[in-house]
Novice: 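Sharing a structure, written as structure tokens. Questions coming.
Counting begins at 1 with the first residue of the sequence.
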Amino acid sequence: MNILVPDSWLREFLKTSATTKQIREYLSLCGPSIERVSLVDGETVYEVEITTNRPDSMSIAGVAREAAAILPRFGVEAKFINDPYEMKSPAVSSKPSVEKKLHVTTDPKLNLRWMSVVISDVTVGPSPEWLTKKLEQSGIRAINNVVDITNYLMRAFGQPAHAFDYDKIGTINGVPTMTLRASKKGEKLTTLDGKTHTLPGDDIVIEDGSGTLIDLCGIMGGENSSIQEDTKTVVLFLQTYDPIHIRRTSMALAHRTDAATLFEKGLDSELVAPALIKGIELFKTLTSGVVASEIHDIYPVPYKTYVVETNRKKLDAYVGTVLPDEAITNILNSLGFKPEVTHDSVKVTVPSFRRDVTIDVDIIEEVARLHGYHTIETSLPDSEPPVTVRDPLFDFEEDIKIRLRDYGYTEIYGYSMLSDKETQIFHLDAKKLYTIANPLSQDMVYMRPTLVPSILRAISDNASNTKSLALFELSLVYLWQEKDLPREMPKLMIALSGKNGFSRLKGISEVLFDVYGIPDQACDEERSQMYVSANKTLSLGSFGYIGEVKRELLSSLGIESPVTILELDIETLIAHKHSFKRFVPIPKYPPSFEDMAFIILP
């Protein structure tokens, strides 16, 4: 995941004299890689790549924490400041003067921690310039002060937040009610972007007192509870979820959001409270809001610290040198761990935000990267390098591709997926096609059982540029097997548009057979082919066929010129090819032939 980090925002959490160049170079060597540095409206913005296992670094504060640990390794002073985990506020324990009730029910298996608070007397309007600038420089569009506060919390701390319109939440006995549960298959929800989703089931959702779904949890809020200009009372909601559910729903619905990207990696439940405190503070400052309820905090299984241990000899062997106890202690302390270093072992107490550290090599990795991978001395291995055997299929396919290229044909790479419309055009039985569980679009729903659609699609797309095309594709098709995974078969499809295609492709088949030592396979065997005319086809036995595509099929694709195709089965070609050819020398005394006529007398 890449995030945009404005330099001035970074320095709100990082006290350092490091230059932009130093930050880019040193962080890339030992931590999150800074892919590029750009100037946006006079502000330096870092594009930072965060690895998937480090959701704690997917925020401004997270990058600052890493920088504070890394920069001193290169002699640059740096200190992590404004640590969200140290944030304190009387707002958590204060009692509201006017209480707005909210009834909350949740499922601890789906929702690891729930925190919410009602804020009244909210004035919705544009955000101040400092907030708008921060968000837009970090790649987030500013909307209004309420929504922008939730996005600020997500980018600053890596903790997504959501705001509901309190007055739009359905009630039970006059009390607005929110129930977090698993969805039922077929339930529908319209999200903030106006898209209506039919849920596959077992998705995390929130239902209000009227039984209406108002939130697709961890992905996007519901349109029916959204913040509008006339909103006066807001429910500020922060939470953590079971990451597996969020990932599965996001992929099944093909609905990717920044919140889903964070939640699916497993966030720190201990960060929810500090983020809520900051959110309340911003609501008071930017919307003139007033806390109007108790803070609901449902946290059935609080985080318990645990210890991970590694062998000291193993650590030294991986790093390639014997590090002093003090060096190891300083490295681990700077990353937030509580280390205990002895002559034989290194034990660390893992902070809540580093749950990716679970085994001994995780500790070694932390020590090694801050010590510097670039400082590890290289050495040749003592043993012989491993021997790899190249799949002969790759060499065979490469040889065919090179030959066809030299014969004047252009290779195409078609999609392996088909749309519903294409299954109808090519008369394919959808029940005997493999359906993709989470298609990226409606044009990519089924796995193709033949290469004909993709090569004809390529001809159709390019027909306006030229009337004569010579294309080929060598790729897999996916054949139906009852109650089993598809049979993946490599096929070669060659297509020619224009006249004389049949004789040219017959010549190509003869050349390929000759090259691989296979006798010509042309025969009178009648084989029914779905896409070619019966009177303009030539069977090549089990190897494939040549044929002119039916006129009506071409017309449905908008192709005016005739198209001839040659299909060959690669597995059959390989099975029958002769690797060694017999050399027949030119005769030393070539034969001489003469025509002679004789008159035989009686």
Side-chain angles (χ1 to χ4, degrees), residues 91-92 96 100-104 106 111 113-128 131-132 134-135 140-170 176-178 180 189-194 204-208 212-241 257-260 262-263 267 271-297:
V92 176
K100 298 261 188 188
K101 292 184 179 180
L102 179 68
H103 181 70
V104 173
T106 185
N111 176 211
R113 187 175 190 178
W114 170 303
M115 289 195 77
S116 63
V117 64
V118 179
I119 301 175
S120 64
D121 300 330
V122 169
T123 301
V124 179
S127 295
L131 179 54
T132 300
K134 274 182 168 60
L135 293 177
I140 299 174
R141 181 171 60 92
I143 299 175
N144 59 52
N145 51 359
V146 173
V147 176
D148 292 350
I149 287 171
T150 62
N151 285 330
Y152 174 92
L153 297 175
M154 179 177 68
R155 180 60 78 235
F157 304 136
Q159 172 59 55
H162 187 62
F164 297 90
D165 188 323
Y166 175 83
D167 296 317
K168 294 179 181 177
I169 300 174
T177 301
M178 300 176 74
L180 186 146
L189 172 66
T190 301
T191 46
L192 290 169
D193 56 0
I204 307 176
V205 294
I206 293 178
E207 176 185 271
D208 69 7
T212 303
L213 299 186
I214 60 173
D215 189 28
L216 182 58
C217 294
I219 300 173
M220 188 173 283
E223 188 178 52
N224 51 10
S225 60
S226 63
I227 303 298
Q228 303 296 330
E229 290 182 2
D230 59 351
T231 297
K232 296 299 179 185
T233 306
V234 167
V235 177
L236 178 59
F237 174 49
L238 288 90
Q239 65 295 318
T240 51
Y241 300 110
T257 62
D258 286 347
L262 288 166
F263 279 126
L267 297 182
L271 183 60
V272 176
L276 182 71
I277 292 169
K278 183 64 177 179
I280 293 172
E281 178 187 316
L282 290 171
F283 264 90
K284 288 181 177 179
T285 305
L286 303 181
T287 72
S288 302
V290 178
V291 173
S293 76
E294 63 173 321
I295 291 180
H296 295 85
D297 186 2

Novice: Out of Asp165, Val118, Ile119, which one pairs with Val235 under the side-chain contact (heavy atoms from CB on, under 4.5 Å) rule?
Specialist: Val118
Novice: Does Phe263 have any ring-ring contact (aromatic ring centres under 6.0 Å, His included) partners at least two apart in sequence or in another chain, and if so, which?
Specialist: Tyr241
Novice: If you define the side chain from C-beta out and look only at heavy atoms, does anything of Thr240 sit under 4.5 Å from Arg113?
Specialist: yes
Novice: Could you pull out all residues at least two apart from Lys278 that satisfy salt bridge (charged side-chain N to carboxylate O under 4.0 Å, His left out)?
Specialist: Glu281
Novice: Locate the shortest heavy-atom distance separating Gly158 from Leu262; write the atom from each residue and the value.
Specialist: O-CD1, 4.0 Å
Novice: Counting only pairs under 3.5 Å, give me each side-chain donor-acceptor contact of residues 213-224, with atom names and distances, residues two or more places apart or in other chains.
Specialist:
from   : atom 1 : to     : atom 2 : distance (Å)
Asn224 : ND2    : Leu213 : O      : 3.0

Novice: With heavy-atom distances below 4.5 Å as the criterion, would you say the side chains of Ile280 and Val291 are in contact?
Specialist: yes
Novice: Looking only at heavy atoms, which two atoms of Lys100 and Ser120 are closest? And how far apart?
Specialist: CE-CB, 4.3 Å
Novice: Could you pull out the closest heavy-atom pair between Asp148 and Ser127, with the gap in Å?
Specialist: OD2-OG, 2.5 Å
Novice: For the residue pair Thr287 / Asn145, report whether a side-chain donor-acceptor contact shorter than 3.5 Å exists.
Specialist: no
Novice: What is the distance from atom CZ of Phe157 to atom OH of Tyr152, rounded to the nearest 0.5 Å?
Specialist: 5.5 Å
Novice: For residues Val124 and Gln228, determine if any side-chain heavy atom of one lies less than 4.5 Å from a side-chain heavy atom of the other.
Specialist: no
Novice: Quick one: does Lys168's side chain get under 4.5 Å of Ser226's, heavy atoms only?
Specialist: yes
